[in-house]
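Structure, as structure tokens:
Worth knowing before you read on, the calculation uses all heavy atoms, side chains too, and leaves out hydrogens, waters and symmetry mates. These figures come from a predicted structure and were not determined experimentally. One-based numbering, in listed order, for ligands and for the atoms of each.
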Amino acid sequence: MNDPTALRDRWLQAIAAATDPAALAELDSRLFGPKGEVLDFVRSVTTLPKEERPAFGKAANAIKQEVEQALAARREAFGKQTLAKELAASDFDPTEPGPRLPRGALHPITIVQNELIDLFTSMGFQWQDGPEVESEYYNFDALNIPQDHPARESQDTFWLSDGNLLRTHTSPVQVRTMQRLTKQGFHPPLKVVVPGRCFRSETVDKTHEHTFYQMEGLVVDRHVSTANLIHTMKTCLRVILERDVQVRLRPGFFPFVEPGFELDVNCPFCKGAGCSVCKQSGWIEILPCGMVHPNVLRQGGIDPEQFTGFAFGMGLQRVVMLRYGIDDIRQFMGGDLRFLQQFPEVAR
Ligand code: DAH
């Protein structure tokens, strides 16, 4: 057997003599690889008589550690040398900030949704969420939508095999919110907005999408009137379309409001003179709304004799299209960067 001290000296010398990182790596595998010399040496304890083993084992492990440390120290020294060389050879400035990578931007629907939420919360509304997978009860029954209403058919609504459905509008959150609050003992006033994604079994074209965004609004209090509704809607449209607006109300039928309205805004493209966007009428249909039906208030646990309310359901894509002059709804889900990069507001 070789003399341990001689072996150790030979290994340490070899480490000191390695001239570059590659030579050191080779030495490392020669000493510590699967059949490495150092490991063989440590394992050779098994060939010794029993009484010699403890002393040898102790010494061998100490040598192994020493050689390992010498290797590590040499590796570190090489690393420092390489870095110093690289730094000296280039004009690299470690204090300079990194390159500016292109940052993502918010989707135009998100931009408008955020602005609307800011606006409504500044008017005292709370932001409410609801599930995209909804029950038939909340999506239809609780909203006074009759059993035989065509919206319940499978050609209009995505039904799931468990009897639930993908919500076709954000209105179900009206009753969900009222129930949650009244069960906790709260009473109106109540002011909420509910932005969210909705789904309908639509054939996609320039003006129809199967996946779309709405913002629902609900106000319940004593003596809430149509005048409150008009004022709130006008404020909202003025801020979001960034100009003074004129609105008009036409009757519209939705089972969960009575009376129900279609709120139109004067066409921003032709200023009311008539153009292809407004189909020569000077008006654009933008906001279905109305006074909350007593049956809906009752479903929410609110007494319609004491309280009244208004509600609206804004199609967000439509508002975004009007605001930016976008003429094809398919752009929103298309993922085309040339479209998306036109809305420069960076992600917050
Ligand atoms: N939920 C209706 C829809 O998607 C829109 C709507 C109409 C919402 C009238 C309302 C409302 O809150 O009062 O077609």
Side-chain angles (χ1 to χ4, degrees), residues 109 113 116 120 125-132 134-146 149-153 155-158 165-178 190-202 207-221 224-234 236-237 247-265 284-297 299-300 302 304 307-319 329:
I109 296 180
Q113 183 176 297
L116 282 166
F120 278 109
F125 284 69
Q126 287 189 342
W127 172 0
Q128 196 65 45
D129 230 352
E132 291 178 351
E134 192 47 284
S135 68
E136 184 173 6
Y137 166 74
Y138 283 113
N139 200 83
F140 296 121
D141 300 87
L143 290 170
N144 200 37
I145 298 177
H149 196 282
R152 297 200 189 216
E153 300 285 324
Q155 66 260 35
D156 288 316
T157 297
F158 292 117
L165 51 95
L166 297 185
R167 68 172 173 198
T168 60
H169 50 181
T170 42
S171 305
V173 190
Q174 289 190 20
V175 173
R176 280 184 176 276
T177 304
M178 288 189 280
L190 169 94
K191 290 165 100 174
V192 291
V193 277
V194 187
R197 195 159 51 157
C198 311
F199 311 85
R200 278 182 210 175
S201 179
E202 296 268 12
T207 51
H208 295 90
E209 255 291 0
H210 50 67
T211 302
F212 54 96
Y213 290 78
Q214 287 192 338
M215 185 175 285
E216 191 81 13
L218 173 68
V219 171
V220 182
D221 200 352
V224 174
S225 72
T226 312
N228 301 131
L229 166 66
I230 296 174
H231 173 75
T232 308
M233 296 298 84
K234 234 182 137 166
C236 157
L237 292 173
V247 298
R248 75 173 184 189
L249 283 188
R250 285 178 296 120
F253 175 69
F254 305 95
F256 33 95
V257 281
E258 180 57 41
F261 308 108
E262 290 285 1
L263 189 136
D264 300 340
V265 64
I284 291 187
E285 185 179 317
I286 193 164
L287 248 173
C289 52
M291 303 307 292
V292 182
H293 196 288
N295 286 349
V296 176
L297 290 174
Q299 287 295 328
I302 290 175
F307 298 101
T308 49
F310 71 75
F312 59 90
M314 192 184 314
L316 278 184
Q317 267 109 325
R318 199 164 170 74
V319 179
I329 201 170

So if I count the atoms of ligand 1 from 1 in the order they appear, which ones are less than 4.0 Å from some heavy atom of [X]?
{"X": "Gln174", "result": "12 (O)"}
{"X": "Val257", "result": "13 (O)"}
{"X": "Cys289", "result": "9 (C), 11 (C), 13 (O)"}
{"X": "Gly313", "result": "8 (C), 10 (C), 12 (O)"}
{"X": "Gln214", "result": "3 (C), 4 (O)"}
{"X": "Ala311", "result": "12 (O), 13 (O)"}
{"X": "Gly290", "result": "13 (O)"}

For a 4.5 angstrom cut-off between non-hydrogen side-chain atoms, does Phe120 reach Thr232? yes
Taking atom types as modelled, find out whether Glu216 and Ser171 have a side-chain donor-acceptor pair closer than 3.5 angstrom.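 Yes.
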Gap separating the [atom1] atom of [X] from the [atom2] atom of [Y], nearest 0.5 angstrom:
{"X": "Leu165", "Y": "Phe140", "atom1": "CG", "atom2": "CZ", "value": "5.5 Å"}
{"X": "Phe310", "Y": "Ile230", "atom1": "CZ", "atom2": "CD1", "value": "10.5 Å"}
{"X": "Thr308", "Y": "Asp221", "atom1": "OG1", "atom2": "CG", "value": "7.5 Å"}

Are Phe256 and ligand 1 in contact, using a heavy-atom cut-off of under 4.0 Å?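 It does, in that a heavy atom of Phe256 comes within the 4.0 Å cut-off of ligand 1.
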Out of curiosity, is Gly260 lining ligand 1, as in a heavy atom under 4.0 Å away?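 Flag not set, Gly260 not near ligand 1.
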Is Pro288 touching ligand 1 with its side chain, its backbone, both, or neither, if touching means heavy atoms under 4.0 Å apart?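 For Pro288, backbone and side-chain atoms both sit under 4.0 Å from ligand 1.
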Gly217, any N or O under 3.5 Å of ligand 1 N or O: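 In fact, backbone or side chain, Gly217 has no N or O that close.
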Please give me the minimum heavy-atom distance between Pro255 and His293, naming the atom from each residue.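 Residues Pro255 and His293, closest heavy atoms: O-CD2, 3.6 Å.
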Nearest protein heavy-atom contact for atom 12 (O) of ligand 1: which residue, which atom, what distance? Glu216 OE2, 2.6 Å
What residue and heavy atom of the protein are closest to atom 3 (C) of ligand 1, and at what distance? Arg200 NH2, 3.6 Å
Would you say the ring centroid of His169 lies under 6.0 angstrom from that of Phe254? no
salt_bridge(Arg152, Asp141) N-O dist < 4.0 Å: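 Salt bridge present between Arg152 and Asp141.
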